[in-house]
Amino acid sequence: MAGTNSERVLLTEGPAVILVHPQLGENIGMVARAMANFGLAELRLVNPRDGWPNEKAQSAASRADHVIENAKLYETTEEAIADLNFVYATTARDRYGYKPVRSPEIAAETLRAKFTAGQATGILFGRERTGLTNEEIALADEIVTFPVNPAFASLNLAQAVLLMSYEWLKTSMASPEETSFQALEQAPATKEHLQGLFDHVEEALDARGYFRPVAKKPKLIENLRTVLTRPAFTESEIRLVRGVVSSLDRFTREAPRGAGAPENSRATKAEDAGDES
């Protein structure tokens, strides 16, 4: 699967994701995948409609096996949250202010603070079609809601889990600019490498009469040198460009690489001379 790397540390921490009466196994699997993407691992299922374990969930999880295989099954929401210290309920409906309503960012920061303090936390997600009931929301400490189009606020179950999981992982970053993956460092090109590139290109162009009229050659070379000797090049980039120039220098469209010796090659001419004799 693209993006997986067994050599990297697998993040498996954070709040429990609690799905209340989920319906389709495929949705549970996609939830597991979203959780794994952002480092969450504890999945709790309250009376899933199609039973558990579920082959469709396993397939849709796309190798988030550590989440699916360790999922815990409960009969009621009360049982699923009994050991937790703090719980959020997700909803997009108006709730008349009887519970504090937080944005995903604030909710994630709160969960991170409580997790760091050693508290067990969880996030309740409701049924695909109807969400959480008022009674189920009443079991939570606070509500988290997403900034969505008010006229089209319904989120797919996996989308909702993904959004909260994303916000959770962001709280572990040192700054907004930090990313999980960085470009591999490459050695910057030396002036010798840059000069070699310039000489290579200049010779190839000169052999083809590029520098015309002759009076403009010094200015053309100056412009070319300005472009090709910029300090941003790396050694590997220099090798790449020189490889391109060498290919253009040695092969033509009529006789590309791999097509055999061109008709005007020395070997062909020697064979023709032999035939005539």
Side-chain angles (χ1 to χ4, degrees), residues 1 3-4 6 8-91 104 107-108 110-112 114-115 118-133 136-137 139-144 146 155-172 180:
M1 173 184 169
T4 59
S6 60
R8 284 177 169 261
V9 175
L10 181 66
L11 300 178
T12 56
E13 61 179 22
V17 170
I18 306 151
L19 306 185
V20 179
H21 299 291
Q23 297 169 316
L24 298 175
E26 294 91 335
N27 286 339
I28 298 174
M30 288 187 287
V31 163
R33 181 177 183 178
M35 292 172 60
N37 284 151
F38 298 101
L40 296 178
E42 186 176 354
L43 177 61
R44 301 186 179 190
L45 306 174
V46 178
N47 197 19
R49 185 191 69 181
D50 294 341
W52 195 259
N54 186 295
E55 291 184 3
K56 292 182 178 179
Q58 187 81 45
S59 177
S62 297
R63 294 173 61 183
D65 299 331
H66 64 290
V67 178
I68 285 291
E69 293 174 0
N70 293 302
K72 299 176 182 178
L73 194 61
Y74 298 87
E75 286 295 324
T76 66
T77 306
E78 288 86 349
E79 292 175 359
I81 66 173
D83 63 329
L84 302 180
N85 302 111
F86 186 89
V87 176
Y88 271 110
T90 59
T91 183
T110 301
L111 289 169
R112 175 66 66 176
K114 293 182 179 300
F115 171 79
Q119 295 185 33
T121 61
I123 313 170
L124 289 170
F125 294 87
R127 303 153 188 80
E128 287 92 326
R129 295 187 60 186
T130 59
L132 295 168
T133 66
E136 290 160 349
I137 290 176
L139 298 173
D141 296 279
E142 295 182 357
I143 292 172
V144 58
F146 304 101
L155 287 174
N156 173 278
L157 179 59
Q159 291 175 332
V161 173
L162 185 142
L163 287 173
M164 276 307 304
S165 301
Y166 170 66
E167 293 297 339
W168 161 261
L169 187 61
K170 279 173 57 178
T171 62
S172 68
S180 298

Working for side chain to side chain contact (heavy atoms under 4.5 Å, CB included), residues Glu167 and Thr171: CA-CA 7 Å; Glu167 293 297 339; Thr171 62; 6.0 Å; no
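- The heavy-atom pair separating Met164 from Leu111 by the smallest distance is CE-CD1, 4.3 Å.
- Using modelled atom types, one side-chain atom of Arg44 and one backbone atom of Ala80 make a donor-acceptor pair closer than 3.5 Å.
- Across Leu157 and Gly126, no two heavy atoms sit closer than the pair CD1-O, 3.7 Å.
- We find the CD-CG distance between Gln159 and Asn27 to be 10.0 Å, quoted to the nearest 0.5 Å.
- Atom CG of Leu139 is separated from atom OG1 of Thr133 by 8.0 Å, given to the nearest 0.5 angstrom.
- Closest approach of Pro15 and Thr121 over heavy atoms only: CB-OG1, 3.2 Å.
- Within the model, atoms CG of Leu45 and CG of Asn54 stand 9.5 Å from one another, a figure rounded to the nearest 0.5 Å.
- Contact annotation: the side chain of Leu163 never approaches that of Pro104 to less than 4.5 Å [non-hydrogen atoms, C-beta and beyond].
- Considering CD of Glu69 and CG of Leu43, their distance stands at 12.5 Å, rounded to 0.5 Å.
- What you find for Ala71 and Trp52 is that their closest heavy atoms are CB-CZ2, 4.0 Å.
- For the residue pair Asp83 and Ala120, the shortest heavy atom distance occurs at O-CB, 3.8 Å.
- Judged purely by atom type and a 3.5 angstrom limit, Thr90 uses its side chain to pair as donor or acceptor with the backbone of Leu124.
- Closest approach of Gly29 and Ile68 over heavy atoms only: CA-CD1, 4.3 Å.
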Arg49 and Glu128: CA distance, side-chain angles, deciding distance, salt bridge (Lys or Arg N to Asp or Glu O under 4.0 Å) verdict: CA-CA 11 Å; Arg49 185 191 69 181; Glu128 287 92 326; over 6 Å; no
Evaluation steps, side chain to side chain contact (heavy atoms under 4.5 Å, CB included), between Leu84 and Ile18: CA-CA 11 Å; Leu84 302 180; Ile18 306 151; 3.8 Å; yes
Side chain to side chain donor-acceptor pair (under 3.5 Å) between Gln58 and Asp65, intermediate numbers included: CA-CA 7 Å; Gln58 187 81 45; Asp65 299 331; 3.0 Å; yes
Ile137 and Thr91: CA distance, side-chain angles, deciding distance, side chain to side chain contact (heavy atoms under 4.5 Å, CB included) verdict: CA-CA 9 Å; Ile137 290 176; Thr91 183; 4.1 Å; yes
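- Interatomic distance, Thr110 OG1 to Tyr88 OH, rounded to the nearest 0.5 Å: 3.5 Å.
- Salt bridge status for Arg112 with Glu13: present, with a side-chain N to carboxylate O gap under 4.0 Å.
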Trace of the side chain to side chain contact (heavy atoms under 4.5 Å, CB included) decision for Gln23 with Asp50: CA-CA 6 Å; Gln23 297 169 316; Asp50 294 341; 5.8 Å; no
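- The CE atom of Met30 sits 11.5 Å away from the CG atom of Leu162 when rounded to the nearest 0.5 Å.
- At a threshold of 4.5 Å between non-hydrogen side-chain atoms, the residues Phe86 and Glu142 count as touching.
- With Asn47 contributing its side chain and His21 its backbone, the two residues share no donor-acceptor pair below 3.5 Å.
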